[in-house]
Each structure stands twice: as C-alpha cells, then as structure tokens.
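Quick notes on the structure that follows.
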Protein chains: 2
Amino acid sequence: MKYSISEVAKKLDLTAYTLRYYDKEGLMPFVERTPNGTRVFKESDIDALKIIECLKSTGMPIKEIKNFIDWCSDGDSTLQERYDMFLERKTSVEEQMEELKKTMELIEHKCSYYKTALDAGTEDIHKTNKIGNF
Amino acid sequence: MKYSISEVAKKLDLTAYTLRYYDKEGLMPFVERTPNGTRVFKESDIDALKIIECLKSTGMPIKEIKNFIDWCSDGDSTLQERYDMFLERKTSVEEQMEELKKTMELIEHKCSYYKTALDAGTEDIHKTNKIGNF
DNA sequence: ATAAGCCCTATAGTTAACTCTAGGTCAAGA
DNA sequence: TCTTGACCTAGAGTTAACTATAGGGCTTAT
C-alpha cells in the first residue's frame, strides 16, 4: 500500500508542511519519489515516522533524531550507537516520569486547596498557615 | 529572609535573565522593590515561583500562567477559575503520563531489538519479520 | 575617589519547530 | 481545452521562551 504526503499527515496527525520540514531536515531519506518528484510513502516509511514521533515525544530535538536516522543508513557499524541512544532515551523518560509524579503531587495539593477554599467561599480559610498561599 | 534576584535564580536553577523575563511577562507582580528599583524576594515569592515552575512543567504556556497570577491578585471572586484550572492541569498531567508510558514501551522494545542485533553483530537477525525494522 | 560587582531597563538577537506564501508542475474531470 | 486540486521547492514569517547587549545607577572595598 502506498500513500501520499497528505494521507500520511492525516494518519500521523501532522500536517504536510511538517512532513516536508522533517524531510528537509534529513529525517526521511528513505521516502521514494515518482519521476516528477512527488513523495510516495510505503508502510515501512510510516513505521519509521512513528519511531521519529516517539523520539520526539521524549523531548529529543530533531537534529539528534537526524543522527539516529543517519546511523540507520550507515548499517551495522552503528548498532552500538543506536543501542546506547535508546538506553539514554529510556533513562530520560524515566526521569520525566519521576518529574511528572512530583508535579502531580503539587497539582493535587492545589486542587484540594482550592476545593476547600471554594467550599468556604474564601481563600482566607488557608491563611492561618504560612505555606501554600498561592 | 530576603533574597536578591541572583540568589533566587540559583535557588530555583534559573537565570536572573529568566526571572526578569517572567517579571516582564507579569508573572511576578508581588515582588517588592527597594527605593532604587532593585527586586527583593521574600520566602513567599519563592513559593509562588515554585508553583509557576510547576505549572510550566505541565506544559502550560507563560501567558496562561499569567492568567492564573492575575486571578490570584483578583481574590476570592476567581476561586472557581483557579480550581478549574488545576483540575484541567491534573487531567493534562494524567494524559502526559499515559503518553509517556506508551513511549516507554516502544523505547524498551527498541532497546531489546538493538540488544539482540548487537549480540548477533547484525541487524539482519530481525529482517525476517516485516515490522520494526528501524 | 575610583574600580568592581551587583542591580536596573529597553531592546535586540537566538533557537527550535514549525507554518505559510509564491510560483510552478502535473493529472484528471467537465 | 481548461480548470481544479494535489503535489513540488525555496524561502520568508511566526511563536515561545529565553538570552544577551548596551548603557546606566548604587554600594563597597582599596
């Protein structure tokens, strides 16, 4: 099955602009073209784009994702680099999860703070203790 | 206890530039000044900045954080808005956690993919099945 | 009293990741 | 044939969030 750029954009919830931008940045060297230059995406290209989106969602900048794509093109000699990169991504995601957990605790604290204030009709209910007055 | 802008920057792992930028964007209307204009931070200002950092870490843009700060200045009439905002943040963080979990699964899959390839010395070990060739 | 070191404002510059416009090609339908 | 609509490139514009510079003011140590 083959897809046009706008079909892929819809599938991945991106715009065609974004996909062309990724291509320009060297993230999609594998996508083939018709003789007149139109991009033709195959199933495996979409899989690769899903990995790219995955890496992006870990906060990895596009230039670093390009390194990975280049390594992929370079073949088996870069297996170690790619393995190390994913291990590093794993660590990064773990840290982000920890960070989010802490954020969640503060947010939940604020939710109950405002619930109490709302029930009382005033924030003054909290003003007796010194912390958390925001 | 009072603090200078650079002391606060160090405490919160930000730069003085960033703090002045926040101030310019209206995030710190509560910070007092000496007669000649120098900012003087008190403990409660630092607490407020921690909340701002917390909101920022949920992905909230500075302009929306400013809305919240404005509501805080407006007093009890905005308690509902502030409560709703934190509930919304809570939902957002929950979604981000879900997203990160999915990301983690893919990353871990890639880790074992590359571990296997590395042990075999070649990525070809995976080439028999059609998916996941990246 | 003068230089160092911190503070200030206003404003310009940077970076990442898009997002859009202009100008053009090509294929299919009325 | 001619128009519509999808595709293309090159390059300009946008936005958020800083980051830095220029020019100036206090305070403190030599």
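In what follows, every chain begins at residue 1, and chains take the letters A, B, ... in the order their sequences are listed.
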Between [N] atom [atom2] and [X] atom [atom1], what is the distance in whole Å?
X     : N      : atom1 : atom2 : answer
A:L19 : D:dT9  : CG    : C1'   : 16 Å
A:K66 : C:dC18 : NZ    : P     : 17 Å
A:D13 : C:dC18 : CG    : C1'   : 15 Å
B:I52 : D:dA16 : CD1   : P     : 18 Å
A:L27 : C:dA16 : CG    : C1'   : 13 Å
A:E25 : D:dT9  : CD    : C1'   : 15 Å
B:Y21 : C:dT11 : OH    : P     : 17 Å

Open item on the list: Just to be sure I understand the geometry, which residues of residues 55-64 of chain A put a non-hydrogen atom under 4.0 Å away from DNA chain D?
Closed with: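 Contacting residues: none.
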Does the pair [X]/[Y] count as a salt bridge with the N-to-O cut at 4.0 Å?
X      : Y      : answer
A:K63  : A:E25  : no
A:K102 : A:E98  : no
A:D23  : A:R20  : no
A:K101 : A:E105 : no

Task: Side-chain donor or acceptor of B:E7 paired with backbone N/O of B:S4 under 3.5 Å - done: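 The answer is yes, because a donor-acceptor pair under 3.5 Å joins these two groups.
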Task: Short side-chain to backbone donor-acceptor contact, B:T15 and B:T18, under 3.5 Å - done: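 Side chain of B:T15 to backbone of B:T18, a donor-acceptor pair under 3.5 Å: yes, one is there.
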TODO: Please state whether the phosphate of C:dA17, meaning OP1 or OP2, lies under 4.0 angstrom from any side-chain nitrogen or oxygen of A:Y17.
DONE: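 Answer is no, no contact under 4.0 Å.
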Task: Test item: A:E123 and B:R82 side chains (from C-beta on) under 4.5 Å apart, heavy atoms - done: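 Yes, their side chains come closer than 4.5 Å.
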TODO: State, yes or no, whether a side-chain contact exists between A:E88 and A:Y83 at a heavy-atom distance under 4.5 Å.
DONE: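 No. Closest side-chain heavy atoms not under 4.5 Å.
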Enumerate all atom pairs, one protein N or O and one N or O from nucleotides 6-8 of chain C, separated by less than 3.5 Å.
from: C:dC7; atom 1: OP1; to: B:S4; atom 2: OG; distance (Å): 3.1
from: C:dC7; atom 1: OP1; to: B:S6; atom 2: N; distance (Å): 3.3
from: C:dC7; atom 1: OP1; to: B:S6; atom 2: OG; distance (Å): 2.8
from: C:dC8; atom 1: OP1; to: B:R39; atom 2: N; distance (Å): 3.0
from: C:dC8; atom 1: OP1; to: B:R39; atom 2: NH1; distance (Å): 2.8
from: C:dC8; atom 1: OP2; to: B:R20; atom 2: NE; distance (Å): 2.8
from: C:dC8; atom 1: OP2; to: B:R20; atom 2: NH2; distance (Å): 2.8
from: C:dC8; atom 1: O3'; to: B:R33; atom 2: NH1; distance (Å): 3.4

TODO: Assess the side chains of A:Q80 and B:Y114: does a donor N or O sit below 3.5 Å from an acceptor N or O?
DONE: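 Absent: no donor and acceptor within the cut-off.
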